[in-house]
Amino acid sequence: MSTSSLLVAYRQPPEIFPMREADLDGIAALEARVETFPWTRALFADSLAAGHLAWVARQGSCLAGFLILMSGVEEAHLLNIAVAPEMQGHGYGAFLLQQAFTWATSQGARQMLLEVRPSNTAAITLYQRQGFTEIGRRKNYYPAAVGREDGLLFSRILVAEIQA
Ligand SMILES: CC(C)(COP(=O)(O)OP(=O)(O)OC[C@H]1O[C@@H](n2cnc3c(N)ncnc32)[C@H](O)[C@@H]1OP(=O)(O)O)[C@@H](O)C(=O)NCCC(=O)NCCS
């Protein structure tokens, strides 16, 4: 397959599957490629054991990305999302989030919350494009190369999904 046809293929919506134990090595490897301070395999396993919503996005046989969401009373908390580097910029992150909005709304959530590093321009752009706004800052939330980095707290109201 040529590079151009690969790029076309990547623009198709991925298929979403529940994350399973057998996915964890691949998920942890993807995470390690995109994060300076990655979640460990054990953390992903803990998320599965805790019953968090955990999805794997696949494009054919390729692991395109994943999303992990914790469901609470009237709110859902996005714990992690990532897209494989070679598949970024083709709408997979937006697609995963939109599926999560629909699922969270169906569970009765009225807003979605998340934290993000102020330095993570790609993620902040994705979140803003998907209707999130900054509502606060958690001091020294993340480990950093030197000291700690604050976390920006973002929220997205889901009521519109209910009314749509
Ligand atoms: C953040 C991340 C999930 C985005 O996934 P993606 O599939 O590349 O995002 P999309 O292709 O759906 O892009 C969504 C929007 O963000 C924008 N965007 C994506 N990457 C960007 C970048 N590097 N710089 C600026 N904007 C960017 C896109 O332009 C798009 O906006 P548009 O709808 O106006 O075109 C991906 O970059 C990633 O895995 N990063 C590493 C892990 C991470 O940071 N996770 C978030 C932790 S809080």
Side-chain angles (χ1 to χ4, degrees), residues 16 18-19 21 23-57 63-163:
I16 307 278
M19 192 183 292
E21 174 87 27
D23 297 316
L24 291 180
D25 288 345
I27 293 292
L30 192 165
E31 167 82 353
R33 292 171 69 206
V34 299
E35 284 288 353
T36 313
F37 297 92
W39 278 28
T40 60
R41 186 188 189 283
L43 258 179
F44 287 105
D46 286 349
S47 258
L48 279 188
H52 297 152
L53 177 79
W55 281 338
V56 172
L63 175 60
F66 64 82
L67 175 148
I68 297 182
L69 191 73
M70 182 171 66
S71 200
V73 179
E74 295 205 349
E75 67 185 35
H77 202 127
L78 183 70
L79 299 182
N80 203 344
I81 181 173
V83 172
E86 63 278 12
M87 295 173 133
Q88 291 178 6
H90 295 289
Y92 291 115
F95 182 81
L96 275 166
L97 274 182
Q98 288 161 11
Q99 298 297 310
F101 297 153
T102 302
W103 181 88
T105 304
S106 76
Q107 302 301 302
R110 301 180 72 79
Q111 71 168 332
M112 191 174 291
L113 297 169
L114 62 83
E115 287 85 12
V116 60
R117 291 176 187 266
S119 59
N120 193 344
T121 314
I124 289 173
T125 305
L126 166 66
Y127 299 143
Q128 289 175 335
R129 295 273 204 273
Q130 291 301 315
F132 284 89
T133 53
E134 186 182 330
I135 59 165
R137 179 178 280 254
R138 300 196 196 279
K139 208 76 188 144
N140 298 323
Y141 188 76
Y142 291 109
V146 179
R148 310 273 304 175
E149 183 174 6
D150 290 351
L152 301 179
L153 179 62
F154 275 67
S155 164
R156 200 246 197 220
I157 300 302
L158 298 174
V159 176
E161 252 74 24
I162 295 168
Q163 290 168 344

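Just so it is clear, the model here is predicted, and its values are computed rather than measured. The residues of the chain are indexed from 1 along the displayed sequence.
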Least distance between heavy atoms, A57 atom then L96 atom: CB-CD2, 4.1 Å
Closest heavy-atom contact between G151 and Y142? CA-CE1, 3.6 Å
Ring pair (Phe, Tyr, Trp, His ring centres under 6.0 Å): pairs with one or both residues in residues 107-130, sequence neighbours excluded: Y127-F132
Within the structure provided, determine whether L97 and L78 are in side-chain contact (heavy-atom separation under 4.5 Å). yes
Mind telling me whether W55 and W103 have parallel, tilted or perpendicular rings, with 30° and 60° as the class edges? perpendicular
Are L67 and I16 packed together at the side-chain level, in the sense that at least one heavy-atom pair is separated by less than 4.5 angstrom? no
Considering all heavy atoms, the nearest I81-G93 contact: CD1-O, 3.8 Å
Got E134 and I124 here, is their nearest side-chain heavy-atom distance under 4.5 Å? no
Side-chain contact, heavy-atom cut-off 4.5 Å: E86 with R33? yes
Matching residue for E115 among R138, R137, K139 - test: salt bridge (charged side-chain N to carboxylate O under 4.0 Å, His left out): R138
Return the minimal non-hydrogen interatomic distance between P118 and D150, and the atom names on each side. CD-O, 3.0 Å
Are L153 and Y141 close enough that some pair of their side-chain heavy atoms sits under 4.5 Å apart? no
Looking at E149 and S119, what are the two nearest heavy atoms and their distance? OE2-OG, 2.8 Å
Looking at Q107 and A76, would you say the former's side chain and the latter's main chain have a donor-acceptor pair under 3.5 Å? no
Once rounded to the nearest 0.5 Å, what's the spacing between atom CG of L114 and atom CG of N80? 11.0 Å
As a test of understanding, state which of I27, V83, D23 forms a side chain to side chain contact (heavy atoms under 4.5 Å, CB included) with L63. I27
For the CG atom of L53 and the CG atom of L79, what is their distance to the nearest 0.5 Å? 10.0 Å
Measure the shortest side-chain to side-chain distance between R117 and F37 over non-hydrogen atoms and say whether it is less than 4.5 angstrom. yes
Regarding E75 and R156, does a basic nitrogen lie under 4.0 Å from an acidic carboxylate oxygen? no
Atom pair OG1/CE of T105 and M112 - distance to nearest 0.5 Å: 7.0 Å
Measuring from atom CG of L158 to atom OG1 of T102, what distance do you get when rounded to the nearest 0.5 angstrom? 9.0 Å
Any side-chain heavy-atom pair from L24 and M19 closer than 4.5 angstrom? yes
Nearest 0.5 Å, please: how far is CD1 in I135 from CG in L113? 5.5 Å
Give the minimum heavy-atom separation between S47 and I68, together with the two atoms involved. OG-CG2, 3.6 Å
Let me confirm one number: the CD-CZ distance from E31 to F66, rounded to the nearest 0.5 Å. 4.5 Å
